[in-house]
Amino acid sequence: MISLKNVSKVFKNRFGSVHALDGIDLSINKGEIFGIIGYSGAGKSTLVRLMNLLEAPTTGDVIVGDTRLTQLPPGQLRKARRKIGMVFQHFNLLWSRTVAENVALPLEIAGVPKREHAARVKELLELVGLADKADAYPSQLSGGQKQRVGIARALANHPDVLLCDEATSALDPKTTDSILDLLKEINRKLGLTIVLITHEMHVIEKICDRVAVMESGRIIELGDVVEVFSRPKTTTTRQFISQVTGSEQLDDDVLRQIGPGTLLRCTFLGDAASQAVISQLVKEVGVEVTIIQGQIKRLKEIAFGTLYIQVPGDIDVEARTVAYLKKQGVHVDVLQSVEGGGAQ
Amino acid sequence: MNDFLVTYMPAVVQYWDYIVKAIWETIYMVSVSLLFSALIGIPLGVLLVITSRNHLLPMPALNQILGFVINILRSIPYIVLVIILIPFSRKLIGTSIGPEAAIISLVAGSAPFVARLVETAIREVNRGVIEAAQSMGASNWQIIRKILIPEALPAIVSGITVTAVGLIGYSAMAGVVGAGGLGAMAYTHGFNGFKEDILFVTTLLLILLVQGVQMIGDAISRKLDHR
C-alpha cells in the first residue's frame, strides 16, 4: 500500500545539515496496522509526514497505492492527499468550528456537495461514538473526545490510509486504550491501512501487526511484532520491551542489603518464561535459589520477564548455575559474583 | 429639563442641529474609513503572514517591501498625512476638503495599522491546524478562507475595534480639511468660540461613541471566540 524507496531527508539550517532520515526502504501492506517506534529525534515523525508529503524527501520515492506522490504536480498531490487521512498528537481541530463542522472540513475542501455533508458527518460521528457532541465546540471536549473528532475528520473522504502521528501521546493510559480500540475497530471495519508512530511500546503491543524500530534516521529492526520482540537484536528494542515488561533495575537499597553469594539477573524471553526453569535449576544443579525480585508479563502471546535471584555457594556452583540458565535460553547477567564484585 | 439646558447650556440648545449633524458626520467618516481600512488592511495582513519565511507562500522580497511601506505609512504623523494627501485626494475625488477627503487620509493612516494587527492575529493561528488542512489536500486559498481568517477572527475583530476607536480620535483632527464632525465642532465652536458647553457636550458624545464602539467590538469578539 505504501512504499518508501531509498528515502532520505536532510534538514539544512545555518549551523549545518541534519540527516533526519537516511536511506529508508519500507513497504507497508494493505490493511495492516503498522507501528513505527523510536525515541524522540529518531526521525519517526519525519517518516510518517513523508507518507503524505507534508515533508518532501530530499531523495527517494514515496508511493501510496498506485500513485508516486513524489512525482505529482501540486494540484494532483492535493487530490491524492484526500485519500490519506492523518491524525495528530495535539488533534489540530479548529476551535472556531463545532464538532460537526470540523468533521465537514475535509468534505468542503474536497468539494463534496453541501447537501451530502450532514449525512456523512452523522455517519462518522456515530462511528467514533460522538453523535451527541455534534454541536459542541472542541474546547468543551476531553482529550479523548477531541482525538475521536480528529479520527472522524481524517476518515471523512473515505481514505485508504490513516497516518497517526503520536495520536495517543497526549492522552492518559485509559483514554489511550479506548482510542487504540477505536483504531483497531476502524481497521477491521473499513479495511483501512493504518500507520502509527509512537514512543510507547504499549501502543505497538496492543494493536500493531508489524513494527519498525527507528534510531538515528534508520530502521534498525523490522518485522512481525511478536517476532521482533521475542528476538530483539538491539539495545534500543530491548529498552522498548522493558517499557511494558517493567523495570529491569534492582533498587540500590535492595542491592546493599543483599548478603554474600551470587546475584544474577535473568531475563526471560518467549518460551523460557513459560517453563519451570527455576525449579529445574534447583533440581538439576542442586542449588538453593532465593528470589529477590521478579516480574513476568505477557506481550501479545509471548512472555517477558526479569528475575533477580541469589544463589549461595562457591565459584563452581555459580558457573554451573549460569551455564544451566544459558542453556535454557535465559539471558543472564552476573550482578554480584562470589569472587567479590559484580560484573556490572 | 428644558429650562436647565437653556440656562446652563445655551449654545448647545442653539447649535443642537449642528451637533446632530456633526454626530452623523463623525459616524459617516469613521464607518466608511473603517470599511476601507479593513478591506485593504485584512488582505495585506494575510499577505504579510503567508509571504513570510516557512509559511504558505514564502516570498521574502515582497514581504520585506510590504513591511517597509507599511512602516513608513505608520510612522508619518496623521496631521502630516492629511496635508501630504491633499493633492492626491484632489486628483482622486476632485476635492481636497470635506468628509470624503478626510476619509482618504484616514484610510491611508489606519489601513497599515489594520494590516499589522491582522498579521499578528493570523500569526497566532496554530501551525498544526494549517498542517492538518494541508494533509486534507487544502489549497492555499482554502487555507486562508477556511482556516486562517476564521481562526483569527476574534483577534481580527478586536483589532478592528481598536482601529475604530483610533479613527474616532483621528476624525477629530480631520477638521483641518473641513471634514466636520464632533471634533471639528468641539474645536471651532467650543474652543475657538469660547462656548464651554459645546466643548463639554461634544467631548461627552465622543466618549460615549468610543465606549459604545468598544462594547460592541468586545461583544462580537467574545461571541466568536470558542476557545
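Proteins get letters first, then strands, A, B, ... in listed order; numbering begins at 1 in each.
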**OP:** Would you check if the side chain of A:N92 reaches a backbone N or O of B:G128 as a donor-acceptor pair within less than 3.5 Å?
**Re:** yes

Original post:
Testing A:N52, A:I109, A:N157 for side-chain contact (heavy atoms from CB on, under 4.5 Å) with B:M136, which one passes?
Top reply: A:I109

Between [X] and chain B, with a heavy-atom cut-off of 4.5 Å, which part of the residue counts as in contact: side chain, backbone, both or neither?
X      : answer
A:E108 : both
A:L53  : neither
A:I84  : backbone

Subject >> Options A:A110, A:G150, A:P159, A:P106, ranked by heavy-atom pairs under 4.5 Å with chain B, top entry >> reply: A:P106

**OP:** Could you check which of A:Q89, A:R153, A:K83, A:K79 has the highest count of heavy-atom pairs closer than 4.5 Å to chain B?
**Re:** A:R153

**OP:** For B:F88, look at atom CZ and say whether over 12 heavy atoms of other residues, nucleotides or ligands are found less than 6.0 Å away.
**Re:** no

Original post:
Counting only heavy atoms not in B:F36, do more than 12 fall under 6.0 Å of its CZ?
Top reply: no

For residues [X] and [Y], determine if any side-chain heavy atom of one lies less than 4.5 Å from a side-chain heavy atom of the other.
X      : Y      : answer
A:W95  : B:D225 : yes
A:R81  : B:S135 : no
B:R227 : A:Y137 : no

Say you draw a straight line from [atom1] of [X] to [atom2] of [Y]; how long is it, rounded to the nearest 0.5 Å?
X      : Y      : atom1 : atom2 : result
B:E131 : A:E55  : CD    : CD    : 8.0 Å
A:L105 : B:I147 : CG    : CD1   : 5.0 Å
A:F88  : B:N126 : CZ    : CG    : 10.0 Å

**OP:** Report the option among B:K146, B:R127, B:H226 that has the most heavy-atom pairs separated by less than 4.5 Å from atoms of chain A.
**Re:** B:H226

Original post:
Between B:E151 and A:S96, which heavy-atom pair has the shortest distance, and what is it?
Top reply: OE2-OG, 2.6 Å

Subject >> Minimum heavy-atom distance B:V129-A:L93, with the two atoms named >> reply: CG2-O, 3.7 Å

Original post:
What part of B:Q142 lies closer than 4.5 angstrom to a heavy atom of chain A: side chain, backbone, both or neither?
Top reply: side chain

